Amino acid sequence: MELLTTAPMLNCAAKRAGGSALGPLAGALGSWIARAVVPPPPPPRICGSPGGPPVAAPRVRLRDGRHLAYAESGVRKEDARYKVVFSHGFTGSRLDSVRPSPEVAEELGVYMVGFDRAGYGESDPNPNRSVKSAALDVEELADALGLGPKFYVIGISLGCHAVWGALKYIPEGIAGAAMMAPVVNYWWPGFPTDLAAEVYNKQEVGDQWALRVSHHAPSILHWWMEQSWLPTSTVVAGTTPLPNKRDAEIRKNMKADGSFQKKMDLATQQGIHESYYRDMMVMFGKWEFDPMSLPKPPCPVHIWQGDEDGLVPVVLQRYLVSRLSWANYHELPGTGHFLSAVPGLGDTVLRTIFG
(Lines give C-alpha, C1' and ligand atoms only; values in the text may rest on other atoms or scores of the structure.)
Protein backbone atom coordinates (compact mmCIF):
# COMPACT_ATOMS: atom_id res chain seq x y z
CA MET A 1 0.00 0.00 0.00
CA GLU A 2 2.91 2.38 0.65
CA LEU A 3 3.96 1.92 -2.97
CA LEU A 4 0.50 2.94 -4.17
CA THR A 5 0.45 5.97 -1.90
CA THR A 6 3.80 7.33 -3.04
CA ALA A 7 3.98 6.21 -6.67
CA PRO A 8 4.89 9.29 -8.72
CA MET A 9 3.64 8.27 -12.12
CA LEU A 10 0.03 9.28 -11.45
CA ASN A 11 0.68 12.10 -9.02
CA CYS A 12 -1.45 15.19 -9.48
CA ALA A 13 1.62 17.42 -9.35
CA ALA A 14 2.67 15.97 -12.70
CA LYS A 15 -0.59 17.01 -14.27
CA ARG A 16 0.32 19.79 -16.70
CA ALA A 17 0.57 18.84 -20.35
CA GLY A 18 4.25 19.06 -21.16
CA GLY A 19 5.18 19.38 -17.49
CA SER A 20 6.06 15.72 -17.14
CA ALA A 21 6.25 12.65 -19.35
CA LEU A 22 4.87 10.50 -16.55
CA GLY A 23 1.21 11.39 -17.10
CA PRO A 24 1.18 10.27 -20.76
CA LEU A 25 3.31 7.27 -19.78
CA ALA A 26 0.72 6.28 -17.20
CA GLY A 27 -2.05 6.55 -19.78
CA ALA A 28 -0.10 4.42 -22.25
CA LEU A 29 0.62 1.88 -19.53
CA GLY A 30 -3.06 1.77 -18.63
CA SER A 31 -4.03 1.19 -22.27
CA TRP A 32 -1.50 -1.62 -22.55
CA ILE A 33 -2.79 -3.24 -19.35
CA ALA A 34 -6.36 -2.93 -20.61
CA ARG A 35 -5.53 -4.72 -23.86
CA ALA A 36 -3.31 -7.36 -22.31
CA VAL A 37 -4.91 -8.15 -18.97
CA VAL A 38 -8.09 -6.31 -18.07
CA PRO A 39 -11.43 -7.69 -19.28
CA PRO A 40 -13.78 -5.11 -20.80
CA PRO A 41 -16.71 -3.83 -18.75
CA PRO A 42 -19.87 -5.90 -19.06
CA PRO A 43 -22.28 -4.65 -21.75
CA PRO A 44 -24.99 -2.30 -20.47
CA ARG A 45 -28.51 -3.57 -19.84
CA ILE A 46 -30.36 -1.08 -22.04
CA CYS A 47 -33.78 0.00 -20.80
CA GLY A 48 -36.54 -1.47 -22.94
CA SER A 49 -34.29 -4.10 -24.51
CA PRO A 50 -34.73 -7.85 -23.94
CA GLY A 51 -33.55 -8.57 -20.41
CA GLY A 52 -33.10 -4.88 -19.64
CA PRO A 53 -34.99 -2.71 -17.15
CA PRO A 54 -38.45 -1.50 -18.24
CA VAL A 55 -39.10 2.02 -19.52
CA ALA A 56 -41.49 3.85 -17.19
CA ALA A 57 -40.57 7.51 -17.68
CA PRO A 58 -41.35 9.75 -20.64
CA ARG A 59 -38.39 9.95 -23.02
CA VAL A 60 -37.25 11.92 -26.05
CA ARG A 61 -35.32 10.45 -28.94
CA LEU A 62 -32.08 12.20 -29.89
CA ARG A 63 -30.56 12.57 -33.34
CA ASP A 64 -28.12 9.70 -32.73
CA GLY A 65 -30.97 7.38 -31.76
CA ARG A 66 -30.42 7.48 -28.00
CA HIS A 67 -33.23 8.28 -25.59
CA LEU A 68 -33.25 10.67 -22.63
CA ALA A 69 -35.73 10.10 -19.80
CA TYR A 70 -37.09 13.20 -18.12
CA ALA A 71 -39.40 14.44 -15.35
CA GLU A 72 -41.20 17.79 -15.24
CA SER A 73 -42.00 19.98 -12.23
CA GLY A 74 -43.17 23.48 -11.43
CA VAL A 75 -45.84 25.24 -13.47
CA ARG A 76 -47.15 23.91 -16.76
CA LYS A 77 -44.75 24.49 -19.62
CA GLU A 78 -47.40 26.42 -21.52
CA ASP A 79 -47.85 28.83 -18.60
CA ALA A 80 -44.19 29.28 -17.68
CA ARG A 81 -42.32 32.55 -17.75
CA TYR A 82 -39.01 30.76 -17.18
CA LYS A 83 -38.04 27.32 -18.50
CA VAL A 84 -35.18 25.44 -16.84
CA VAL A 85 -33.23 22.28 -17.67
CA PHE A 86 -31.74 20.69 -14.55
CA SER A 87 -28.60 18.51 -14.67
CA HIS A 88 -28.36 16.11 -11.72
CA GLY A 89 -25.20 15.20 -9.85
CA PHE A 90 -23.22 12.01 -9.28
CA THR A 91 -25.59 9.18 -8.21
CA GLY A 92 -28.61 11.37 -9.09
CA SER A 93 -31.60 11.10 -11.40
CA ARG A 94 -34.24 12.99 -13.36
CA LEU A 95 -36.23 13.31 -10.13
CA ASP A 96 -33.66 15.62 -8.53
CA SER A 97 -34.09 19.39 -8.49
CA VAL A 98 -33.17 22.50 -6.50
CA ARG A 99 -36.26 21.71 -4.40
CA PRO A 100 -38.06 25.05 -4.49
CA SER A 101 -41.36 25.39 -2.69
CA PRO A 102 -44.39 24.95 -4.98
CA GLU A 103 -45.52 28.43 -3.94
CA VAL A 104 -42.32 30.12 -5.15
CA ALA A 105 -42.24 28.13 -8.39
CA GLU A 106 -45.84 29.17 -9.00
CA GLU A 107 -45.21 32.80 -8.07
CA LEU A 108 -42.23 33.11 -10.42
CA GLY A 109 -43.75 30.96 -13.15
CA VAL A 110 -40.91 28.41 -13.30
CA TYR A 111 -41.12 25.20 -15.30
CA MET A 112 -38.26 22.76 -14.67
CA VAL A 113 -37.32 19.56 -16.43
CA GLY A 114 -34.80 17.16 -14.96
CA PHE A 115 -33.37 14.32 -17.01
CA ASP A 116 -31.37 11.17 -16.47
CA ARG A 117 -27.95 11.98 -17.89
CA ALA A 118 -26.64 9.47 -20.44
CA GLY A 119 -26.29 6.00 -18.92
CA TYR A 120 -28.20 6.92 -15.76
CA GLY A 121 -31.65 5.63 -14.85
CA GLU A 122 -33.68 5.21 -18.03
CA SER A 123 -31.53 7.25 -20.42
CA ASP A 124 -29.53 5.27 -22.97
CA PRO A 125 -25.76 5.06 -22.43
CA ASN A 126 -23.41 7.04 -24.63
CA PRO A 127 -20.05 5.27 -25.09
CA ASN A 128 -18.69 8.54 -26.51
CA ARG A 129 -19.84 10.67 -23.61
CA SER A 130 -17.96 13.93 -23.07
CA VAL A 131 -18.46 17.42 -21.67
CA LYS A 132 -19.57 18.52 -25.14
CA SER A 133 -22.04 15.66 -25.57
CA ALA A 134 -23.55 16.50 -22.17
CA ALA A 135 -24.18 20.07 -23.33
CA LEU A 136 -25.63 18.91 -26.63
CA ASP A 137 -27.94 16.48 -24.80
CA VAL A 138 -29.26 19.47 -22.83
CA GLU A 139 -29.81 21.40 -26.06
CA GLU A 140 -31.56 18.51 -27.81
CA LEU A 141 -33.82 17.88 -24.82
CA ALA A 142 -34.82 21.55 -24.75
CA ASP A 143 -35.52 21.50 -28.49
CA ALA A 144 -37.54 18.29 -28.29
CA LEU A 145 -39.70 19.72 -25.49
CA GLY A 146 -40.17 23.05 -27.26
CA LEU A 147 -38.56 25.24 -24.60
CA GLY A 148 -37.88 27.98 -27.13
CA PRO A 149 -34.73 29.62 -28.52
CA LYS A 150 -33.37 30.37 -25.03
CA PHE A 151 -33.72 28.51 -21.77
CA TYR A 152 -32.06 28.39 -18.35
CA VAL A 153 -29.79 25.62 -17.13
CA ILE A 154 -29.05 24.63 -13.53
CA GLY A 155 -26.60 21.97 -12.46
CA ILE A 156 -25.64 20.47 -9.14
CA SER A 157 -22.37 18.85 -8.07
CA LEU A 158 -20.79 16.75 -10.84
CA GLY A 159 -23.75 17.50 -13.13
CA CYS A 160 -22.36 21.02 -13.50
CA HIS A 161 -19.99 19.80 -16.19
CA ALA A 162 -23.02 20.00 -18.49
CA VAL A 163 -23.48 23.65 -17.49
CA TRP A 164 -19.85 24.49 -18.22
CA GLY A 165 -20.30 22.67 -21.51
CA ALA A 166 -23.41 24.69 -22.31
CA LEU A 167 -21.54 27.95 -21.64
CA LYS A 168 -18.78 26.75 -23.98
CA TYR A 169 -20.66 25.08 -26.81
CA ILE A 170 -24.20 26.56 -26.87
CA PRO A 171 -23.89 29.96 -25.13
CA GLU A 172 -26.34 31.74 -27.45
CA GLY A 173 -29.11 29.35 -26.39
CA ILE A 174 -28.66 29.92 -22.66
CA ALA A 175 -30.72 32.65 -20.96
CA GLY A 176 -29.02 32.13 -17.61
CA ALA A 177 -27.02 29.49 -15.73
CA ALA A 178 -26.59 28.42 -12.13
CA MET A 179 -24.27 25.87 -10.53
CA MET A 180 -24.64 24.47 -7.04
CA ALA A 181 -21.46 23.05 -5.47
CA PRO A 182 -19.91 22.40 -8.89
CA VAL A 183 -17.26 19.68 -8.87
CA VAL A 184 -13.83 20.84 -10.07
CA ASN A 185 -11.23 19.05 -12.16
CA TYR A 186 -7.81 19.22 -10.47
CA TRP A 187 -6.17 19.10 -13.91
CA TRP A 188 -7.76 22.28 -15.25
CA PRO A 189 -4.73 24.30 -16.41
CA GLY A 190 -5.95 27.49 -14.73
CA PHE A 191 -5.33 26.12 -11.25
CA PRO A 192 -1.85 26.78 -9.85
CA THR A 193 -0.02 23.46 -9.82
CA ASP A 194 1.05 23.70 -6.20
CA LEU A 195 -2.42 24.65 -4.95
CA ALA A 196 -4.18 21.89 -6.90
CA ALA A 197 -1.67 19.28 -5.77
CA GLU A 198 -1.87 20.38 -2.14
CA VAL A 199 -5.66 20.12 -2.07
CA TYR A 200 -5.69 16.92 -4.11
CA ASN A 201 -3.38 15.21 -1.66
CA LYS A 202 -5.70 16.00 1.23
CA GLN A 203 -8.26 13.56 -0.18
CA GLU A 204 -8.57 10.00 1.01
CA VAL A 205 -5.98 7.78 -0.69
CA GLY A 206 -8.70 5.83 -2.49
CA ASP A 207 -10.17 9.00 -3.97
CA GLN A 208 -6.74 10.17 -5.11
CA TRP A 209 -6.26 6.91 -6.98
CA ALA A 210 -9.77 6.80 -8.43
CA LEU A 211 -9.22 10.26 -9.90
CA ARG A 212 -5.70 9.45 -11.12
CA VAL A 213 -6.96 6.44 -12.99
CA SER A 214 -9.97 8.37 -14.33
CA HIS A 215 -7.63 11.00 -15.75
CA HIS A 216 -4.55 9.08 -16.85
CA ALA A 217 -5.81 5.56 -17.54
CA PRO A 218 -9.61 5.61 -18.03
CA SER A 219 -9.51 2.37 -20.02
CA ILE A 220 -8.83 0.44 -16.80
CA LEU A 221 -11.14 2.41 -14.49
CA HIS A 222 -13.91 -0.21 -14.40
CA TRP A 223 -11.43 -2.96 -13.59
CA TRP A 224 -9.70 -0.81 -10.97
CA MET A 225 -12.91 0.15 -9.21
CA GLU A 226 -14.04 -3.47 -8.99
CA GLN A 227 -10.89 -4.71 -7.23
CA SER A 228 -11.41 -4.95 -3.47
CA TRP A 229 -7.65 -4.98 -2.86
CA LEU A 230 -7.05 -1.65 -4.59
CA PRO A 231 -7.72 1.83 -3.14
CA THR A 232 -10.94 3.10 -4.71
CA SER A 233 -13.47 5.89 -4.40
CA THR A 234 -14.99 6.63 -1.00
CA VAL A 235 -17.59 8.76 -2.82
CA VAL A 236 -18.97 5.69 -4.59
CA ALA A 237 -18.86 3.72 -1.33
CA GLY A 238 -20.48 6.56 0.61
CA THR A 239 -17.71 6.68 3.21
CA THR A 240 -16.06 10.05 2.47
CA PRO A 241 -15.44 12.03 5.68
CA LEU A 242 -18.00 14.85 5.70
CA PRO A 243 -17.09 17.82 7.92
CA ASN A 244 -20.55 19.39 7.71
CA LYS A 245 -22.99 18.00 10.27
CA ARG A 246 -26.05 18.27 8.02
CA ASP A 247 -24.29 16.39 5.21
CA ALA A 248 -23.16 13.65 7.58
CA GLU A 249 -26.64 13.29 9.08
CA ILE A 250 -28.29 13.15 5.66
CA ARG A 251 -25.99 10.38 4.48
CA LYS A 252 -26.34 8.47 7.76
CA ASN A 253 -30.13 8.56 7.51
CA MET A 254 -30.10 7.55 3.83
CA LYS A 255 -27.96 4.53 4.61
CA ALA A 256 -30.14 3.59 7.59
CA ASP A 257 -33.45 3.74 5.72
CA GLY A 258 -32.14 2.12 2.53
CA SER A 259 -32.62 5.17 0.31
CA PHE A 260 -28.85 5.41 -0.37
CA GLN A 261 -28.84 1.91 -1.90
CA LYS A 262 -32.19 2.47 -3.64
CA LYS A 263 -30.87 5.63 -5.29
CA MET A 264 -27.73 3.80 -6.40
CA ASP A 265 -29.77 0.91 -7.81
CA LEU A 266 -31.91 3.30 -9.85
CA ALA A 267 -28.95 5.29 -11.15
CA THR A 268 -26.90 2.23 -12.12
CA GLN A 269 -29.63 -0.12 -13.32
CA GLN A 270 -28.10 -0.22 -16.82
CA GLY A 271 -24.61 -0.74 -15.42
CA ILE A 272 -22.32 1.12 -13.07
CA HIS A 273 -19.73 1.64 -15.80
CA GLU A 274 -22.06 3.65 -18.05
CA SER A 275 -23.27 5.80 -15.15
CA TYR A 276 -20.86 6.32 -12.25
CA TYR A 277 -17.58 5.34 -13.88
CA ARG A 278 -18.18 7.18 -17.14
CA ASP A 279 -19.14 10.22 -15.06
CA MET A 280 -15.71 10.02 -13.42
CA MET A 281 -13.93 9.65 -16.75
CA VAL A 282 -15.71 12.69 -18.18
CA MET A 283 -15.45 14.94 -15.13
CA PHE A 284 -11.83 14.16 -14.26
CA GLY A 285 -10.58 13.36 -17.74
CA LYS A 286 -8.94 15.66 -20.27
CA TRP A 287 -11.27 18.54 -21.10
CA GLU A 288 -11.23 20.36 -24.43
CA PHE A 289 -11.30 23.68 -22.58
CA ASP A 290 -10.59 25.23 -19.19
CA PRO A 291 -13.63 26.91 -17.59
CA MET A 292 -11.28 29.58 -16.23
CA SER A 293 -10.49 30.57 -19.83
CA LEU A 294 -14.09 31.01 -20.94
CA PRO A 295 -15.02 34.46 -22.25
CA LYS A 296 -17.86 36.33 -20.62
CA PRO A 297 -21.04 34.54 -21.67
CA PRO A 298 -24.08 36.42 -23.01
CA CYS A 299 -26.08 35.55 -19.87
CA PRO A 300 -25.78 35.81 -16.07
CA VAL A 301 -24.02 32.95 -14.29
CA HIS A 302 -24.38 32.15 -10.58
CA ILE A 303 -22.34 29.73 -8.45
CA TRP A 304 -23.30 28.57 -4.95
CA GLN A 305 -20.72 26.86 -2.72
CA GLY A 306 -20.68 25.78 0.93
CA ASP A 307 -17.57 26.55 2.95
CA GLU A 308 -17.77 23.16 4.74
CA ASP A 309 -18.04 21.07 1.57
CA GLY A 310 -16.25 17.76 2.09
CA LEU A 311 -16.43 16.81 -1.60
CA VAL A 312 -15.58 20.04 -3.45
CA PRO A 313 -12.69 22.03 -1.95
CA VAL A 314 -13.89 25.58 -1.30
CA VAL A 315 -10.36 26.90 -1.76
CA LEU A 316 -10.38 25.77 -5.40
CA GLN A 317 -13.86 27.17 -5.97
CA ARG A 318 -12.73 30.52 -4.61
CA TYR A 319 -9.74 30.51 -6.92
CA LEU A 320 -11.89 29.59 -9.91
CA VAL A 321 -14.35 32.44 -9.39
CA SER A 322 -11.48 34.85 -8.79
CA ARG A 323 -10.53 34.17 -12.40
CA LEU A 324 -14.07 34.74 -13.68
CA SER A 325 -15.04 38.34 -13.10
CA TRP A 326 -18.44 37.70 -14.69
CA ALA A 327 -19.47 34.91 -12.30
CA ASN A 328 -21.77 35.79 -9.41
CA TYR A 329 -20.43 33.82 -6.44
CA HIS A 330 -22.51 32.98 -3.37
CA GLU A 331 -20.55 31.29 -0.56
CA LEU A 332 -22.67 29.73 2.16
CA PRO A 333 -21.12 29.71 5.66
CA GLY A 334 -21.52 26.57 7.74
CA THR A 335 -22.85 24.68 4.72
CA GLY A 336 -21.71 21.45 3.11
CA HIS A 337 -22.16 19.78 -0.27
CA PHE A 338 -25.80 18.67 -0.30
CA LEU A 339 -27.19 22.07 -1.20
CA SER A 340 -30.60 20.90 -2.38
CA ALA A 341 -31.26 19.83 1.23
CA VAL A 342 -30.51 23.26 2.70
CA PRO A 343 -33.84 24.69 3.92
CA GLY A 344 -35.04 27.54 1.73
CA LEU A 345 -32.04 27.52 -0.60
CA GLY A 346 -34.06 26.30 -3.58
CA ASP A 347 -36.33 29.33 -3.24
CA THR A 348 -33.31 31.61 -2.87
CA VAL A 349 -31.72 30.20 -6.02
CA LEU A 350 -34.86 30.79 -8.09
CA ARG A 351 -35.46 34.27 -6.69
CA THR A 352 -31.82 35.17 -7.38
CA ILE A 353 -31.98 33.99 -10.97
CA PHE A 354 -35.49 35.19 -11.82
CA GLY A 355 -36.28 37.84 -9.23
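Fair warning: this is a prediction, and the values are worked out from it, not measured in the lab.
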Are [X] and [Y] linked, directly or through other ILVMFWY residues, by side chains that come within less than 4.5 angstrom of each other?
X	Y	value
Tyr276	Phe338	yes
Leu266	Ile250	no
Trp326	Val163	yes
Ile156	Val85	no
Met180	Val301	no

Sequence-distant partners of [X], side chain to side chain contact (heavy atoms under 4.5 Å, CB included), two or more places apart:
X	answer
Pro53	Arg45, Cys47, Gln269
Val60	Leu62, Leu68, Tyr70, Leu141, Ala144, Leu145
Ala69	Ala57, Arg59, Arg94, Asp116, Glu122, Ser123

Set of residues satisfying salt bridge (charged side-chain N to carboxylate O under 4.0 Å, His left out) with respect to [X], sequence neighbours excluded:
X	result
Asp257	none
Arg63	Glu140
Asp307	none

Side-chain heavy atoms of [X] within contact of [Y], under 4.5 Å:
X	Y	value
Tyr329	Leu320	no
Arg117	Ser87	yes
Ile272	Met264	yes
Pro100	Val110	no
Tyr186	Leu316	yes
Ser233	Asp207	yes
His337	Val312	yes

* Below 6.0 angstrom between ring centroids: does that apply to Tyr277 and Trp223? -> no
* To do: Could you go through the side chain to side chain contact (heavy atoms under 4.5 Å, CB included) check for Met281 and His273 one step at a time?
  => CA-CA 10 Å; Met281 290 188 282; His273 180 74; 3.7 Å; yes
So how far is it from [X] [atom1] to [Y] [atom2], rounded to the nearest 0.5 Å?
X	Y	atom1	atom2	result
Glu72	Lys83	CD	NZ	11.0 Å
Glu139	Ser133	CD	OG	12.5 Å
Asn328	Trp304	CG	CH2	8.0 Å
Trp164	Asn185	CH2	CG	12.0 Å
Asp96	Ile154	CG	CD1	13.0 Å
Leu311	Phe90	CG	CZ	10.5 Å

* Asked: Which residue pairs pass the side chain to side chain donor-acceptor pair (under 3.5 Å) test with at least one member in residues 244-254, sequence neighbours excluded?
  ->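 Residue pairs passing side chain to side chain donor-acceptor pair (under 3.5 Å), neighbours aside: Asn244-Glu308.
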* Sequence neighbours left out, what pairs pass side chain to side chain donor-acceptor pair (under 3.5 Å) with at least one residue falling in residues 311-321? => Gln305-Gln317, Arg318-Glu331
* Asked: Near Lys255 NZ, under 6.0 Å, is it more than 12 heavy atoms from other residues, nucleotides or ligands?
  -> yes
Could you report the tightest heavy-atom contact between [X] and [Y], atom names first, then the distance?
X	Y	answer
Ala267	Ser275	O-CB, 3.7 Å
Gly119	Gln270	O-NE2, 3.9 Å
Ala327	Ile303	CB-CD1, 4.4 Å
Pro125	Pro44	CG-CB, 3.9 Å
His161	Ala134	NE2-CB, 3.6 Å
Gly89	Ser157	CA-CB, 4.2 Å

* To do: Starting from the C-alpha separation in whole Å, work towards a yes-or-no answer on side chain to side chain contact (heavy atoms under 4.5 Å, CB included) for Leu136 and Ile170.
  => CA-CA 8 Å; Leu136 297 183; Ile170 56 169; 4.1 Å; yes
Side-chain donor-acceptor distances from residues 287-295 under 3.5 Å, at least two apart:
from   : atom 1 : to     : atom 2 : distance (Å)
Trp287 : NE1    : Val282 : O      : 3.2
Trp287 : NE1    : Met283 : O      : 3.0
Glu288 : OE1    : Tyr169 : OH     : 2.5
Asp290 : OD1    : Met292 : N      : 2.9
Asp290 : OD2    : Gly190 : N      : 2.6

With a 3.5 Å distance limit and no angle check, can you tell me whether [X] reaches the backbone of [Y] through a side-chain donor-acceptor pair?
X	Y	value
Trp224	Pro218	no
Gln203	Tyr200	yes
His215	Phe284	yes
Lys150	Glu172	yes
Arg99	Leu339	no

Give every donor-acceptor pair under 3.5 Å between a side-chain atom in residues 346-355 and any protein atom, sequence neighbours left out.
from   : atom 1 : to     : atom 2 : distance (Å)
Asp347 : OD1    : Ser101 : N      : 2.7
Asp347 : OD1    : Ser101 : OG     : 3.2
Asp347 : OD2    : Ser101 : OG     : 3.1
Thr348 : OG1    : Gly344 : O      : 3.2
Arg351 : NH1    : Glu107 : OE2    : 2.9
Arg351 : NH2    : Glu107 : OE1    : 2.8
Thr352 : OG1    : Thr348 : O      : 2.7

* To do: Please name the residue in the list Arg61, His67, Arg66 that meets the side chain to side chain donor-acceptor pair (under 3.5 Å) test with Asp124.
  => His67
* Checking side chain to side chain contact (heavy atoms under 4.5 Å, CB included) for the pair Leu147/Lys77: CA distance, chi angles, key distance, verdict? -> CA-CA 8 Å; Leu147 301 193; Lys77 182 170 53 181; 3.7 Å; yes
Return a table of donor-acceptor pairs under 3.5 angstrom between the side chains of residues 235-242 and protein atoms on other chains or two or more places apart.
from   : atom 1 : to     : atom 2 : distance (Å)
Thr240 : OG1    : Thr234 : O      : 3.3
Thr240 : OG1    : Thr234 : OG1    : 2.6
Thr240 : OG1    : Val235 : N      : 3.3

* ring-ring contact (aromatic ring centres under 6.0 Å, His included) contacts in which one or both residues fall within residues 102-151, not counting sequence neighbours ->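 For residues 102-151: His88-Tyr120.
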